[in-house]
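Report on the following structure.
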Amino acid sequence: MKVFRGFLYDPPHGPCALTIGNFDGVHKGHMVLLAKLREAADRLHLPAAVLTFNPHPRQYFALKTGTLSSAPATITPLREKVQALAQCCVDQVTIARFNNTVSSLSPEEFIEEILVKALNVRWLIIGEKFRFGKGRTGTTDELKEAGKRFGFHVEVLPAVMDENGRISSSCIRQALEQSDFEKVSGLLGKPYAISGHIVHGDKIGRDLGFPTANLPIRHYNPILSGVFITRVHGLEEKPLPSVSMIGTRPTIESDRHIMLETHILDFGRTCYGSLVQVEFLKKLRDNQKFPDLNALKKAIQNDVDTARSFFAKQKTSA
Ligand SMILES: Cc1cc2nc3c(=O)[nH]c(=O)nc-3n(C[C@H](O)[C@H](O)[C@H](O)COP(=O)(O)O)c2cc1C
Ligand SMILES: Nc1ncnc2c1ncn2[C@@H]1O[C@H](COP(=O)(O)OP(=O)(O)OP(=O)(O)O)[C@@H](O)[C@H]1O
């Protein structure tokens, strides 16, 4: 899959079948849309292309008025979104920088400058709720009209629903806020996980008796925070039972980057540099500032005991 970043016109794009959106999480609704895009691209002998934006428009507008910490969280970081699009057999992703220029384009300018001149669209699919251009005022009818003028076909996909209504990134973000992982994985069509390469920590975990595999959370603002029962994929054939903390370490210091720290149960190996996926199963508690390391150690021991009973129950009910 080809990935074009930043500027839209360089290099010039050949004709394509296209879809547009944020694709945060790449959920089941997106997957239906992307399957239809693939089908049309094959039929028309065109590459299947996605136009997406970075940062997420909502983050851009929050940052314009506030601070990074007030920006709304995303389900997945950009790297994982691009990987998920590749798994949906997309040929080409253009990641347009969402900035003042792009956000100020009127719907007509968006169509002419971006869809026609920059991306050379011949076939376009969008969902029925799709809005675009300054103030999200552009509609699917306007796209259809423009398609007739500029010579591209427009397909509007009716909303993909589940028993609770239209599937959207917003309802997944809401379910994540409530740590409802069953609902999240139902909407995503896969378990919710955060992936990354394991980095070195401060080695305090070893002294505490709970060494951790640490993943830095650098490029996005995660929705989850607190202590969770998790499973680690990527180190051994089977996923490994674990407990994880996502957030800073209030007991140890005050201003630190957000980390995902995972203690894998009964695991003695070091695995720095390995690429792992940490799958979230259940929230145990919020992250706390303890009076000393001894109190923190007791709390983590309690988390480990709860996780052991959870996994033991899972084994007996399997
Ligand atoms: C299951 C679990 C729960 C944790 N809970 C807290 C917590 O409530 N408060 C806190 O300050 N740190 C918490 N931590 C983070 C520990 O402080 C951290 O893992 C330890 O300092 C080791 O850091 P290191 O990997 O950099 O050596 C938790 C870690 C784990 C694995
Ligand atoms: N459930 C769905 N059914 C059909 N099309 C969808 C569905 N969800 C999203 N789409 C379409 O997929 C494309 C990308 O969607 P996008 O990620 O921007 O929206 P979203 O999932 O509704 O996110 P948010 O909730 O943040 O607005 C758009 O064309 C959108 O209309």
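In this text, all values refer to a predicted model and were calculated from it rather than measured experimentally. Whatever order the structure lists ligands and atoms in, that order sets their numbers, starting from 1.
Applying the 6.0 Å contact sphere to CZ of Arg136 captures no more than 12 heavy atoms from other residues, nucleotides or ligands. Annotation: Lys297, atom NZ; neighbour count of heavy atoms from other residues, nucleotides and ligands within 6.0 Å does not exceed 12. With a 6.0 Å radius and a threshold of 12 heavy atoms from other residues, nucleotides or ligands, Lys36 has its NZ atom at or below the threshold. Applying the 6.0 Å contact sphere to CD of Glu182 captures no more than 12 heavy atoms from other residues, nucleotides or ligands.
Contact annotation: for Cys171 versus ligand 2, there are no heavy atoms closer than 4.0 Å. In Leu296, the part holding a heavy atom less than 4.0 Å from any atom of ligand 1 is the side chain. Contacts between Phe210 and ligand 1, counted as non-hydrogen atom pairs separated by less than 4.0 Å, are absent for every part of the residue. Of the heavy atoms in Arg173, only side-chain atoms (C-beta onward) come closer than 4.0 Å to ligand 2. Residue Asp303 touches ligand 1 through its side chain alone, judged by heavy-atom distances below 4.0 Å. The proximity of Ile20 to ligand 2, defined as any non-hydrogen pair under 4.0 Å, is limited to the backbone. With a 4.0 Å cut-off on non-hydrogen atoms, Ile126 touches ligand 2 through its backbone as well as its side chain. Contacts between Asn214 and ligand 1, counted as non-hydrogen atom pairs separated by less than 4.0 Å, involve the side chain only. Residue contacts with ligand 2 for His27 involve side-chain atoms from C-beta outward but no N, CA, C or O (heavy atoms, distance under 4.0 Å). Under 4.0 angstrom from ligand 1, the non-hydrogen atoms of Arg285 all belong to its side chain.
Considering both main-chain and side-chain atoms, Gln288 comes within under 3.5 Å of ligand 1 through a nitrogen or oxygen pair. Distances between N or O atoms of Glu261 and those of ligand 1 include at least one value under 3.5 Å. An N or O contact shorter than 3.5 Å is missing between Thr262 and ligand 1 by distance. Of the N or O atoms in Arg249, one or more lie within a sub-3.5 Å distance of an N or O in ligand 1.
Ranking protein heavy atoms by distance to atom 14 (N) of ligand 1, first place goes to Met245 CG, 3.8 Å. Atom 3 (N) of ligand 2 has Val160 N, 2.7 Å as its closest protein atom, hydrogens excluded (heavy atom only). Closest to atom 7 (C) of ligand 1, if we only count protein heavy atoms, is Asn287 OD1, 2.9 Å. Here the protein heavy atom with the shortest distance to atom 21 (O) of ligand 1 is Ile252 CD1, 2.9 Å. Among all non-hydrogen protein atoms, the one lying nearest atom 1 (N) of ligand 2 is Ile167 O, 2.8 Å. When only non-hydrogen protein atoms are considered, atom 29 (O) of ligand 2 lies nearest to Gly127 N, 3.0 Å. Looking at atom 10 (C) of ligand 1, its nearest protein heavy atom turns out to be Thr251 OG1, 3.4 Å. Scanning the protein for heavy atoms near atom 22 (C) of ligand 1, the closest one is Gly205 N, 3.2 Å. Of the protein's non-hydrogen atoms, the one nearest atom 27 (O) of ligand 1 is Ile204 N, 2.6 Å. The protein heavy-atom contact nearest to atom 18 (O) of ligand 2 is Asn22 N, 3.1 Å. Of all protein heavy atoms, the one closest to atom 19 (O) of ligand 2 is His30 NE2, 4.1 Å. Of the protein's non-hydrogen atoms, the one nearest atom 25 (O) of ligand 2 is Ser170 OG, 2.5 Å.
Nearest residue to atom 10 (N) of ligand 2 from Arg166, Glu128, Lys129, His56 is Arg166 (criterion: closest heavy atom).
Close approach of ligand 1 to Phe290 is summarised as follows: ligand atoms under 4.0 Å from at least one heavy atom of the residue are 7 (C), 8 (O). Which parts of ligand 2 touch Leu33 is read off a 4.0 Å heavy-atom cut-off, strictly below it: atoms 12 (O), 13 (C). Of all atoms in ligand 2, numbered sequentially from 1 with element shown, those under 4.0 Å from a heavy atom of Arg58 are 24 (P), 26 (O), 27 (O). Annotation for ligand 2: atoms under 4.0 Å from non-hydrogen atoms of Gly21 are 14 (C), 18 (O). Numbered from 1 in the order shown, with element, the atoms of ligand 2 that lie under 4.0 Å from a heavy atom of Leu157 read 4 (C), 5 (N). Near Ala159, the atoms of ligand 2 lying under 4.0 angstrom from a non-hydrogen atom of the residue are 3 (N), 4 (C). Ligand 1 places these atoms under 4.0 Å from at least one heavy atom of Thr212: 19 (O), 25 (O), 31 (C). Taking every heavy atom of Val243 and a limit of under 4.0 angstrom, the matching atoms of ligand 1 come to 1 (C).
Phe280 places a side-chain heavy atom less than 4.5 Å from the side chain of Ile194. Side-chain contact between Phe98 and Thr52 is absent, with no heavy-atom pair separated by less than 4.5 Å.
Within the 4.0 Å heavy-atom cutoff, Pro158 counts among the residues contacting ligand 2. For Pro250, the closest heavy-atom approach to ligand 1 falls below 4.0 Å. Residue contacts with ligand 2 leave out Lys28, since none of its heavy atoms falls under 4.0 Å from the ligand. Using 4.0 Å as the threshold, Phe228 has no heavy atom nearer than that to any atom of ligand 1.
A donor atom on one side chain and an acceptor atom on the other are found under 3.5 Å apart for Asn214 and Thr212. Side-chain atoms of His153 and Glu155 form a donor-acceptor pair, as typed in the model, at a separation below 3.5 Å. Side chains of Glu80 and Ser195: a donor on one and an acceptor on the other come within 3.5 Å. Side-chain contact, Ser242 with Thr230: a donor N or O sits under 3.5 Å from an acceptor N or O.
Ala48 approaches Val90 most closely through the heavy-atom pair O-CG1, 3.5 Å.
Remark: side-chain polar atoms of Arg38 are paired, donor with acceptor, to backbone N or O of Cys89 under 3.5 angstrom. A donor-acceptor pair under 3.5 Å is formed between the side chain of Thr76 and the backbone N or O of Gly25. Between the side chain of Tyr192 and the backbone N or O of Ile75, at least one donor-acceptor pair lies under 3.5 Å. Here the side chain of Lys283 pairs a donor or acceptor atom with the backbone of Ser225 at under 3.5 angstrom. Not one N or O on the side chain of His233 forms a donor-acceptor pair closer than 3.5 Å with the backbone of Gln277. A side-chain donor-acceptor contact under 3.5 Å links Asn99 to the backbone of Val102. In terms of modelled atom types and a separation under 3.5 Å, the side chain of Asn287 and the main chain of Met245 share no donor-acceptor contact. The backbone N or O of Gln288 sits less than 3.5 Å from a side-chain atom of Thr251, completing a donor-acceptor pair.
Note on ring orientation: taking the six-membered ring where Trp is involved, the planes of Phe228 and Phe181 are perpendicular (angle over 60°, cut-offs 30° and 60°).
To the nearest 0.5 Å, atom NE2 of residue His27 and atom OG of residue Ser170 are 8.0 Å apart.
Using a 4.0 Å cut-off between charged side-chain N and carboxylate O, Glu236 and Arg269 make a salt bridge.
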